[in-house]
Each structure stands twice: as C-alpha cells, then as structure tokens.
Peer 1: 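Below: one structure in structure tokens.
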Amino acid sequence: MRTPLIAGNWKMNGSRAMAAELCKGIAEGANSITNAEIAICPPFILIPAAAAIIDNTPVKLGAQDVDTHGDGAYTGQISTSMLRDAGCHYVIVGHSERRALYGESDALVAEKTKAVLTAGMTAIVCVGETLEERESGATEDVVARQYKAVLDVNGIESFNNIVIAYEPVWAIGTGKTATPEQAQAVHAFIRAQMSSQNNKAAQNCRILYGGSMKPDNASTLISQQDIDGGLIGGASLTASDFLAICAAA
Ligand code: PGA
C-alpha cells in the first residue's frame, strides 16, 4: 500500500511572516489528516522559518532544488548537506520550470537525484511533456526519456526512494488540469516502465500528479489507481486549499 503524499511547492513566493502563518495553518489542520503524508517545499531562505513551526508536527519539509556538488566554492548554490541539516526530508528535482527556464538537462536532473539519495533524502523527480509534445503524440517518449536518464544513473532500486511527479507542463499554473484519464494513462505508463525491470520498486514508488490540482479536482485525480498524491503549486499557498487537497487524499 502506497501512502499518498501531498507536497506543496511554494515556488518563489512568500515572506517570513507568510511562511509562519501558512505553516501554522497547515500544522494545525495536519493533525486531522490521517491517510496522507504532507510535505511543504518553501524557497530555501524560508526553510528555517517553516522548520521552526512544523517541527514536531506530521508535516515534512522539502526543498525545491539543490546543487550536485558537496560543500565548497559554488557561489550562490545550496548543497544536500545544508538541506539535510535544515531538516529537509524531500528535494524536488527537475521541475519543468527549472528545465525550461534554467536549462536543466535530463543528465543534470539525474545527477541531482543521485546527490539527494546519497545524502539520505528522498528525491521528488518531476517529468512531463509540453503542450506541443502532447499534441504531436510524443508524451510517452518524453516521459520515458526523462525517466530513463534517472534510471541510468541511479539504477532501478533507487525508485524505492524516489517519488515521481508527473506534471504536464501545459497544466502547470494554467488552471487547465489533465483529466483523470489522461493523468492515469501516463502514471500507468511510468509504472509499467519500472515494473518491466523491478516490480517491487514499481509498486513502492509513489507517482504524484501535478498541474492545477485544486480542492475540487483532487479526489477524482487521486482516486485513480496509479495516482499516489499531488505536487501542488498555487493551491499550496493557502492553508485551507492545501488541507482540502490533503483531506481528499
Ligand atoms: P500548479 O503548480 O499547482 O500551480 O499548477 C504545480 C507545480 O508546478 O508543481
């Protein structure tokens, strides 16, 4: 049985005051969520403020990105050991915004995944196609390529400690959600890729859906057989919306 995970990706939003208030709201509501694991991924600089409030609550902490190197002369970067030291359990890697806006390649995403796993944290690896790729029938090819890059560097066993987030780029922040059937089809495809090599890893690996998941569409998405939760952007910035999605899981 895979425990659903609802992870909030705050992206580049917030302040210390906002983080304190949002975390307080989420932490209070989290006590009544028994069927899902909850995580929040604030911007790096707000991680300590969030950690101070969610410490000793069921809410877990994550980061939105990380560098592949160990501590050293990498101005402006954040290492896995810093994130672990700050209390992070999860690290998002390969979000489509990082791939598209900051030129992150499949190879770099695979190396970031490796760095996260080596540091003993869980990677939330994002995959997903653009609208153009979907319309040209390339969805499975794109997702398979992104998955295989991580597989080649980390091996199939690593998927016991990886969460995959399927996020169709055309659904992110657009209010245009994939239908439950569209999402389920890609999730099942990803799981089949894994199970062709190792059925246990395929059954253990949680595959989240991301892309305009909201309180009103969360339960139909998460009730699909291969959808094990959500990576939530916009709706994770409001405690009541985020908790409603957690409750739907
Ligand atoms: P959204 O973002 O929920 O605002 O569409 C999801 C994501 O980018 O992780």
Side-chain angles (χ1 to χ4, degrees), residues 4-14 18-19 22 26 36-44 46-47 50 59-66 88-104 109 112-113 116 122-131 133-134 139 142-143 146-147 150 162-180 182-184 186-187 190 206-222 224 227-249:
L5 170 64
I6 304 296
N9 173 12
W10 294 10
K11 308 194 179 185
M12 197 171 74
N13 291 295
M18 169 273 202
L22 181 54
I26 293 170
E37 193 185 327
I38 305 173
I40 53 165
C41 304
F44 292 133
L46 298 178
I47 287 175
V59 183
K60 291 187 175 149
L61 197 54
Q64 300 172 17
D65 186 29
V66 72
C88 289
H89 186 90
Y90 290 105
V91 184
I92 298 171
V93 296
H95 190 279
S96 65
E97 285 149 19
R98 298 222 53 91
R99 292 179 189 261
L101 303 173
Y102 304 99
E104 292 197 5
V109 174
K112 288 188 173 190
T113 304
V116 171
T122 300
I124 301 177
V125 178
C126 301
V127 299
E129 80 289 359
T130 61
L131 184 59
E133 288 163 340
R134 172 160 285 264
T139 298
V142 170
V143 169
Q146 293 169 332
Y147 160 75
V150 175
I162 286 174
V163 173
I164 295 176
Y166 167 59
E167 300 203 302
V169 178
W170 48 271
I172 295 177
T174 57
K176 206 175 153 194
T177 318
T179 65
Q182 282 174 323
Q184 164 59 24
V186 180
H187 283 233
I190 296 168
R206 287 179 290 184
I207 308 177
L208 313 184
Y209 169 79
S212 301
M213 194 186 269
K214 309 283 179 204
D216 62 357
N217 59 30
S219 69
T220 45
L221 284 159
I222 298 169
Q224 300 295 309
I227 302 185
D228 307 313
L231 183 57
I232 319 299
S236 73
L237 297 173
T238 309
S240 57
D241 284 354
F242 186 61
L243 287 166
I245 295 172
C246 297

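Note that ligands are numbered from 1 as they come in the structure, with each ligand's atoms numbered from 1 the same way. As the structure is a computational prediction, the values presented were derived from the model and not from experiment.
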Peer 1: Any idea which heavy atoms bring Ser96 and Ile172 closest together, and the distance?
Peer 2: OG-CD1, 3.2 Å

Peer 1: Mind jotting down which protein residues get a heavy-atom contact under 4.0 Å with ligand 1? Chain and number order, please.
Peer 2: Asn9, Lys11, His95, Glu167, Ala171, Ile172, Gly173, Gly211, Ser212, Leu231, Ile232, Gly233, Gly234

Peer 1: For Thr177, does its backbone N or O pair with a side-chain atom of Ser212 as donor and acceptor, under 3.5 Å?
Peer 2: no

Peer 1: For Ala171, is there any backbone N or O sitting under 3.5 Å from a side-chain donor or acceptor partner on Thr174?
Peer 2: yes

Peer 1: Backbone N or O of Asp228 within a donor-acceptor pair of the Arg206 side chain at under 3.5 Å?
Peer 2: no

Peer 1: For Arg134 and Trp170, indicate whether the former's side chain and the latter's backbone hold a donor-acceptor pair under 3.5 Å.
Peer 2: no

Peer 1: Restricting to salt bridge (charged side-chain N to carboxylate O under 4.0 Å, His left out), what partner residues turn up for Arg98, sequence neighbours left out?
Peer 2: Asp65, Glu104

